[in-house]
Amino acid sequence: MSVLKQLAFDLGAESGRAILGQFDGEKISLLDIHRFNNPSITLPDGIHWDTLYLWGEIKRGLALASHEHGKELASVGLDTWGVDFGLLDANGNLIYNPYHYRDGRTDGLVEEACKIIPRQEIFDQTGIQFLQLNSLYQLFAFVRQNAPGLQIAQTFLTMPDLLNYWLTGRKVCEFTNATTTQCYNPRTGTWAKEMVERLGIPSRIFPEIVSPGTVLGNLSNYVSEEIGSKGFPVIAPACHDTGSAVAAIPAAKPGFAWISSGTWSIMGAEVRQAVISPKALQYNFTNEGGVDGTYRLSKNIMGLWLVQESRRTWAKQGEELSYDEITRLAAEAKPLQSVIDVDWAGFGKPGDMPARIRDYCQRHQQPIPETKGAVIRCALESLALKYRWVLEKLEDLLGYRLEPLHIVGGGTKNRLLSQFTADAIGRTVITGPVEATATGNLLVQAVALGKIDSISEAREIVRHSFDVSVFEPRPGCGWDEAYERLLTLMEQAT
């Protein structure tokens, strides 16, 4: 078999990358083509993504890949985060620059929406956890503002779908990202049009939904001309980055738990049908689409955002620290001094994260983490403890033990967190690959082109292609007592 060359764009909340995949029939290797930051932009009306900048960087990545490998490129695929979107007018023009999911215009709107449609009914129709950043509440914010853009909008496209539209001219929503919106009904396999209309959201804006692995068409002529390349196929992989990451988990058999670790930690299990039950609603779990007809029964956890925002705060104060330095300081700090609920709403907005962590500890009468190492250790240990809570609730929903726990994504570089996780949950943790999202993106493209037969075969290829690390739990160390403290904090918040 000749080497199959494909290009994956993986856009995260902090950075984006264009990665070339080279598959020789047995192993896949990755080559960085282009990396770029993904900054947010604050305007008078709120926080936005710099979408045109991202589009320019995508074209730059295409041009670089085409210059080196153009004649050999078999396809390109793109994945990003969920929930954010663009609205197009009747001429296909972007009406608003897409808002950032951390923008405050959706504050309180979950509660307002539930006054119109009961919480139980929204969950019964969508199976999605209640987060104010969900597309449903972002659209509802437009309704509450009587926004003229929503009134003239003809097409809703999630972020990867918007970029795929600019790449190909095709207006569709890919399944894995459509399911994150809380506007999709997994029972019917269609948009929840009646529900969104009751909130004043025009259902006409929701386009056709396509499956992961759909060939959207060739690269548009104007893009091909600009980058100096032929019009190779654009494939929708699992366009939600977590969907692509889970596709690349190197699991040898079913029954595992997983975490996609980065700015967010998303923790879950792979299931064949959405789990929509009173208990899933009580635990605020979500059912997002996966590859090969699966769903991801999972929960969003705040993740390494706490570390990233602390690092940004210290940089603004004049002290630039690498992630390795920050982790070393955390490793040297005293263990399990204070515990925070990492999903407390106050941690979700940009700002002085170390001050917020100290304030939280003070208000809950715990030792205040004074040093940088103590702040980060508190965040990492608390994150591992929250993983334990989510794992317990997953097993309660499914009725069976999930083992091992696979962690993939950039967060696996933090080996301290991986060891804390094994200690907190009391079972084996397997980490890697780091570039799981890009790998899953590429492998779904290969399945779409008929070069790989199935996702099971794709996961076998991942096992052959990348090294993994194994972390075993260490006995004792006070994790059970710390977990009881977390449970108390969570009970006090309800």
Side-chain angles (χ1 to χ4, degrees), residues 12-14 40 42 46-47 81 83 100-111 129-134 137 259-267 284 286 298-317 321 323 326-327 330 333 336-390 410-411 414 416-417 420-421 424 482-483 485-494:
E14 191 174 37
S40 59
T42 301
I47 306 173
W81 63 94
V83 307
H100 193 297
Y101 57 75
R102 295 195 191 275
D103 180 69
R105 76 196 191 289
T106 56
D107 291 350
L109 289 193
V110 173
E111 294 74 18
Q129 73 185 110
F130 288 83
L131 297 170
Q132 70 176 45
L133 51 79
N134 289 349
Y137 310 111
I259 297 174
S260 178
S261 179
T263 300
W264 287 92
S265 288
I266 305 175
M267 185 173 190
N284 201 21
T286 200
S298 60
K299 191 170 183 65
N300 282 37
I301 307 166
M302 195 66 73
L304 289 170
W305 162 255
L306 298 169
V307 177
Q308 294 166 354
E309 198 63 7
S310 295
R311 180 172 177 258
R312 274 189 286 270
T313 297
W314 292 324
K316 288 178 182 178
Q317 296 170 352
L321 294 169
Y323 284 118
I326 288 172
T327 303
L336 297 170
Q337 296 298 294
S338 300
V339 175
I340 61 175
D341 181 358
V342 295
D343 291 319
W344 177 61
F347 295 138
K349 294 287 193 296
D352 190 339
M353 192 62 67
R356 291 177 188 170
I357 291 173
R358 293 189 186 104
D359 180 65
Y360 182 98
C361 293
Q362 183 177 39
R363 284 188 291 105
H364 290 89
Q365 299 179 332
Q366 299 186 86
I368 300 171
E370 299 290 354
T371 66
K372 294 179 177 64
V375 166
I376 299 302
R377 183 157 192 141
C378 174
L380 295 178
E381 290 174 338
S382 298
L383 189 54
L385 290 167
K386 196 58 178 283
Y387 292 163
R388 175 169 168 174
W389 184 89
V390 174
N414 193 317
L416 185 63
L417 175 58
F420 286 167
T421 301
Y483 185 57
R485 281 189 275 159
L486 172 64
L487 294 179
T488 299
L489 292 171
M490 294 177 68
E491 288 171 3
Q492 291 173 349
T494 58

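No hydrogens, no waters, no symmetry mates; every other heavy atom, side chains included, goes into these values.
- The two residues Val83 and Tyr101 have their closest heavy-atom pair at CG2-CB, 3.9 Å.
- Using a 4.5 Å cut-off on side-chain heavy atoms (C-beta onward), Thr42 and Ser40 make no contact.
- Between the CD atom of Gln132 and the OH atom of Tyr137 there is a distance of 10.5 Å, given to the nearest 0.5 Å.
- Closest approach of Ala379 to Ile340, counting heavy atoms only: CA-CD1, 4.4 Å.
- A heavy-atom distance below 4.5 Å is not found between the side chains of Ser265 and Trp305.
- Looking only at side-chain heavy atoms (C-beta outward), Leu417 and Tyr387 come within less than 4.5 Å of each other.
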Pair Lys349-Asp107, side chain to side chain contact (heavy atoms under 4.5 Å, CB included): steps then yes or no: CA-CA 11 Å; Lys349 294 287 193 296; Asp107 291 350; 3.5 Å; yes
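- The distance from the OG1 atom of Thr313 to the CZ atom of Arg311 is 11.5 Å, given to the nearest 0.5 Å.
- Between the CG atom in Leu380 and the CG atom in Leu306 there is a gap of 8.5 Å [rounded to 0.5 Å].
- The heavy-atom pair separating Asp352 from Pro354 by the smallest distance is OD1-CD, 3.3 Å.
- Taken to the nearest 0.5 Å, the CD1 atom of Ile266 stands 9.5 Å off from the OG1 atom of Thr286.
- With a 4.5 Å cut-off on side-chain heavy atoms, Leu489 and Gln366 count as touching.
- Without hydrogens or angle criteria, Ser338 side chain to Pro367 main chain gives a donor-acceptor distance under 3.5 Å.
- Salt-bridge check for Lys299 with Asp343: failed, with every basic side-chain N at 4.0 Å or more from each acidic carboxylate O.
- For the pair Arg485 and Leu385, the minimum side-chain heavy-atom distance is 4.5 Å or more.
- By the 4.5 Å heavy-atom criterion applied to side chains, Trp81 and Thr263 are not counted as neighbours.
- Between Cys378 and Gln337 there is no side-chain heavy-atom pair separated by less than 4.5 Å.
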Side chain to side chain contact (heavy atoms under 4.5 Å, CB included) between Leu486 and Ser382, worked out: CA-CA 8 Å; Leu486 172 64; Ser382 298; over 6 Å; no
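- Side chains of Asp341 and Lys386 form a contact here, defined as non-hydrogen atoms less than 4.5 Å apart.
- Closest of all the heavy-atom pairs between Leu383 and Gly303 is CD1-N, 3.8 Å.
- Taking the charged nitrogens against the carboxylate oxygens, Arg312 and Glu14 do have a contact shorter than 4.0 Å, which makes a salt bridge.
- Between the side chain of Thr106 and the main chain of Leu109, no donor-acceptor pair closer than 3.5 Å is present.
- In plain terms, the two heavy atoms of Ile301 and Val390 that are nearest each other are CD1-CG2, 3.7 Å.
- Looking at Arg358, its side chain does come within 3.5 Å of a backbone N or O of Pro369 through a donor-acceptor pair.
- Enclosure of atom CD in Gln317 by more than 12 non-hydrogen atoms of other residues, nucleotides or ligands within 6.0 angstrom is indicated.
- Separating the CD1 atom in Ile357 from the CZ atom in Phe347 is a distance of 5.5 Å, to the nearest 0.5 Å.
- For the atom pair CE of Met353 and CD of Gln308, the computed distance is 10.0 Å after rounding to the nearest 0.5 Å.
- A cation-pi arrangement is found for Arg363 relative to Trp344, the charged atom lying closer than 6.0 Å to the ring centre and inside a 45° cone about the ring normal.
- Of all the heavy atoms in Tyr360 and Val339, the pair that sits closest is CE2-O, 3.9 Å.
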